[in-house]
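Notes for the one structure printed next.
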Amino acid sequence: MRWSTYFIPTLREEPADAEVISHKLLLRAGMIRQLGAGIYSYLPIAQRSVLKISNIIREEMNAIGGQEFYLPAIHPAEYWQESGRWSIMGDNMFRLKDRKGGDYCLGMTHEEVMTDIARNELRSYKQLPQVWYQIQSKFRDELRPKSGLLRVRQFTMKDAYSFDIDQAGLDKSFDDQRGAYCRIFSRCGLDYVIVEADTGAMGGSASNEFMVYTNAGEDLVASCHACGYAANVEKAKSRIPDVDDGDIEQAVEKFPTPGVHTIEDLVTFSGGAAADRQIKTLIYVSVAEKGNDSKSTPFLALLRGDHPLNEVKLANAVAKLANKDGWEQTAIRPAHPEEILELMGANAGSLGAVGVTKAWVFVDEALRGRRNMTTGANEDDHHLRGVSLERDIKVTDWADLRLVAEGEDCPNCETGKLQVGKALEIGHIFKLGTKYSNSMGARVLNSDGKEVPVIMGCYGIGVERILAAAIELHNDDAGICFPITVAPFQIVVTPLNVKDAELKSIGDRIYEELAGAGIEVLYDDRDERAGVKLNDADLIGLPFQIRIGPRKLKEGKVEFYDRKTRQSEDVPVDHVVKLAIDRIHEELVKLS
RNA sequence: CGGGGCGUAGCACAGCCUGGUAGUGCGCUCGGUUUGGGACCGAGAGGUCGGAGGUUCGAAUCCUCUCGCCCCGACCA
């Protein structure tokens, strides 16, 4: 490819509204341009990278028996209503109407579409297992698109679905996918970690996320160096030391606490209590839907005073009670002040669960067995001391509701401490089970002639996130340092002055020979100053460069430059093509 | 949805407070000189100042509304 006629609009200056490194470099390298919030056009070299990533994914999916589909992006609402996700997805889903007023959406994923095909076509266990996948655009009306390609409203996703007759089959399909994911991310040059994750709106039993540690990420991962435990903080657990509540169980006593409205206030208040001897009382609302009806149910969540709430854990705990009689919880949210007053008869800052019987009370496991605690009295400016959990509070359900913190003990081994780091999710695999096959009626006959729901798994990868993550992980002050497997080209050939006929003719020859050998080569035949060409080459980050300049050519040599190490070696003109081919193959082998 | 910021040439920005002929740098075009890490000289092209309404003799500038984009938050009562 000749750079002089190829479209790579590099930017010298940094775009004003880019924040994260990959966003800045994608713009500066002429790879993407924004069309709207969270909507990007991929320019030619970005498209080359995306296609290379897609092909790696395709190869690994095919290697485990995956079969590629092409599915509609626009879905009639009825399929999503059947699965129940028409309401669960809420404002995150792009919705539209056709000319007759019929409801449609743009697909966020394709469980419904794939399950529909499965239920129409799969009849017998003899047809299982099946592994179906696609690599296509997905649409999500994100609350806040941001960070270039990291959180967008249209993106490319590889999503695969497995259909098995039993749990053992699902386990194998899941493990196959997990192995394929490891190979895919390794081949793309990404350091990743596999973590336990919440299943969220997908439903299902188990799930693993594939994460890349980077400050541009939006998730937090808790991990233990001692044993390798790693989990999304949405799911992570930890061990904490016991707190001494004293030997004697005291009686409940109300006392005035004027002006005390926070845990912290009560710690310093004379006659108050340490934060770990307090009970924090939070009022939340479960929002549920049934058909076109919706309802809001306020409830209490109790934690130790110094423990932060993990909303995801709380939502999961509440859903067990909220999802019945056809109701499906779509969200939980903090209660509004007027809702708190109505439910509790007091305002935030003086709340407590003692005597509460008309609302659900969810209590964090860390409070189990605790005695002589201090909490709000449900009367403004009053608190209670001497509260014992089991004796004084009517607990609806115990659950793990606590957000783990850095430095707490690993839940999985004796010695480790948890570290918490920011990470970017690049892949997610789920054991769905029968959630969709039940709601949509995908059943086959088993070997006993009995009709059973198909056991499903689903497996997603964000293609552009791989590109962005590769840039986040591999860059320096001059620009991108692409892993060769995702680089738009493998090498750039740069005659430093194309008006010098000798430099140009040698450049032409090297370019032709590399291209003839099947190397993905970009030829910088632009009539630009050397500085411009070298800076652009560094910026777009191809792994290797061949620089042809007058100084070295006097000795019959050209420079072979390694972008990542920024080392160059002088090579006789006649040897450089072979050297380049060898080095490129070496790189490819490293990432195979 | 709440808070903050910003919309002026392809890009980055100044001008706005205090109303009076729309600017700077980079990029772009042409000519010349240059040529190993983002050259120099000269001559040019390019903007309904996000949009609508209002105030005024006069609005990029003041007022109202609106659209868009960026950042933070939307868990700890």
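Order of the sequence lines sets the chain letters (A, B, ...), proteins ahead of strands, with each chain counted from 1. This structure is a prediction, so every number in the text was calculated from the model and none was measured.
Taking atom C1' in both G38(B) and A45(B), the straight-line distance is 23 Å, to the nearest Å. Taking the C1' atoms as reference points, G23(B) lies 29 Å from U33(B), given to the whole Å. A12(B) and C6(B): their C1' atoms are spaced 14 Å apart (whole Å). Remark: the separation of the C1' atoms in G10(B) and G27(B) is 7 Å, to the nearest Å.
For the pair Gln34(A) and C70(B), the criterion of a side-chain N or O lying under 4.0 Å from OP1 or OP2 is met. Side-chain nitrogen and oxygen atoms of Arg144(A) include at least one within less than 4.0 Å of the OP1 or OP2 phosphate oxygen of C72(B). Phosphate proximity of G27(B) to Arg12(A): present, with a side-chain N or O under 4.0 Å from OP1 or OP2. Lys146(A) has a side-chain polar atom (N or O) that falls below the 4.0 Å cut-off from OP1 or OP2 of C72(B).
One atom, CG of Asp141(A), and another, C1' of C1(B), lie 13 Å apart when rounded to the nearest Å. Atom CG in Leu309(A) sits about 7 Å away from atom C1' in C76(B), given to the nearest Å. The interatomic distance linking Asp276(A) (CG) with C76(B) (C1') rounds to 15 Å, in whole Å. When rounded to the nearest whole Å, the span between CD of Glu311(A) and P of A74(B) equals 9 Å. Rounded to whole Å, atom P of A74(B) lies 15 Å from atom NE2 of His336(A). Rounded to a whole Å, the CD atom of Gln278(A) is 12 Å from the C1' atom of A77(B). Atom CZ in Arg151(A) sits roughly 14 Å away from atom P in C70(B) (whole-Å rounding). Whole-Å rounding puts the Leu11(A) CG to C11(B) P distance at 9 Å.
Pairing for C65(B) goes to G51(B), judged as Watson-Crick or G-U wobble with the two contacts each under 3.5 Å. With a cut-off of 3.5 Å on both Watson-Crick or G-U wobble distances, the partner of C28(B) is given as G44(B). Look at G58(B): it lacks any Watson-Crick or wobble partner with both distances under 3.5 angstrom. Within the shown strands, nothing qualifies as a pairing partner of U35(B) under the Watson-Crick or G-U definition with both distances less than 3.5 Å. As the counterpart of U21(B), no nucleotide is assigned, since no Watson-Crick or G-U wobble pattern has both distances under 3.5 Å. If you check C1(B) for Watson-Crick or wobble pairing at under 3.5 angstrom, you find it paired to G73(B).
A cation-pi geometry, defined here as NZ or CZ lying under 6.0 Å from the six-membered ring centre and within 45° of its normal, holds between Arg95(A) and Trp86(A). Annotation: cation-pi geometry satisfied between Arg547(A) and Tyr561(A) (NZ/CZ under 6.0 angstrom from ring centroid, within 45° of ring axis).
Contacts of Arg304(A) with the nucleic acid, taken as non-hydrogen atoms under 4.0 Å apart, are absent. Within 4.0 Å (heavy atoms only), Glu559(A) reaches at least one base atom of the nucleic acid. As judged by a 4.0 angstrom heavy-atom cut-off over every strand, Ala18(A) is placed among residues making no nucleic acid contact. Here Arg333(A) lies out of heavy-atom contact (under 4.0 Å) with every strand. Within the nucleic acid shown, Leu303(A) has no heavy atom closer than 4.0 Å to any nucleic acid atom. The residue Gly36(A) sits close only to the backbone: its heavy atoms come under 4.0 Å of sugar-phosphate atoms, none of a base. Counting any heavy atom pair closer than 4.0 Å across all strands shown, Ile340(A) reaches a base atom.
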Write down the protein N/O and nucleotide N/O pairs, taken from nucleotides 5-10 of chain B, whose separation is under 3.5 Å; answer none if there are no such pairs.
none

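Side-chain contact check for Ser238(A) and Arg402(A): at least one donor-acceptor pair (N or O, by modelled atom type) lies under 3.5 Å. For Glu464(A) and Tyr42(A), the side-chain atoms include at least one donor-acceptor pair closer than 3.5 Å. Judged purely by distance below 3.5 Å, without hydrogens or angles, the side chains of Gln419(A) and Ser223(A) never pair a donor atom with an acceptor atom. Side-chain contact of Gln329(A) with Ser286(A): a donor-acceptor pair under 3.5 Å is present, judged by distance alone. In the model, Asp381(A) has no side-chain atom that pairs as donor or acceptor with a side-chain atom of Thr257(A) under 3.5 Å. Of the N and O atoms on the side chains of His474(A) and Lys564(A), at least one donor lies less than 3.5 Å from an acceptor on the other residue. Defined by atom type and a distance below 3.5 Å, a donor-acceptor pair is present between the side-chain atoms of Tyr523(A) and Asp508(A). For the 3.5 Å distance criterion, the side chains of Thr494(A) and Gln545(A) fail to qualify, holding no donor opposite an acceptor. With no hydrogens or angles considered, a side-chain donor-acceptor pair links Glu311(A) and Tyr284(A) at under 3.5 Å. For the 3.5 Å distance criterion, the side chains of Asp141(A) and Asn92(A) fail to qualify, holding no donor opposite an acceptor.
Listed nucleotides: G37(B), C71(B), C76(B). Nearest to the side chain of Arg547(A): G37(B). Distance from the side chain of Pro334(A) is smallest to C75(B) among C13(B), U34(B), C75(B).
Across the interface with RNA chain B, nearest-nucleotide mapping of Asp306(A) and Arg526(A) shows Arg526(A) to be the residue nearer the 5′ end. The residue among Asn310(A) and Asp527(A) whose nearest nucleotide of RNA chain B is located toward the 5' end is Asp527(A).
The salt bridge (Lys or Arg N to Asp or Glu O under 4.0 Å) analysis of residues 261-287 of chain A, with sequence neighbours excluded, yields the pairs Asp245(A)-Arg277(A).
Other residues, nucleotides and ligands place no more than 12 heavy atoms under 6.0 Å from the CD atom of Glu342(A).
Applying the side-chain contact (heavy atoms from CB on, under 4.5 Å) rule to Pro258(A) yields the partners Pro256(A), Phe269(A); only residues at least two apart in sequence or on another chain are considered.
Within residues 530-539 of chain A, the residues having any heavy atom under 4.0 Å from RNA chain B are, by residue number, Ala530(A), Gly531(A), Val532(A), Leu534(A), Asn535(A), Asp536(A), Asp538(A). For the segment residues 548-557 of chain A, residues with any heavy atom less than 4.0 angstrom from an atom of RNA chain B are, sorted by number, Gly549(A), Pro550(A), Arg551(A), Lys552(A). Contact check of residues 342-371 of chain A against RNA chain B (heavy atom, cut-off under 4.0 Å) returns Ala348(A), Gly349(A).
Salt bridge absent: Lys533(A) and Glu528(A) never bring a charged side-chain N and a carboxylate O closer than 4.0 Å. We find that Asp409(A) and Lys417(A) are joined by a salt bridge, their nearest charged nitrogen and carboxylate oxygen being less than 4.0 Å apart.
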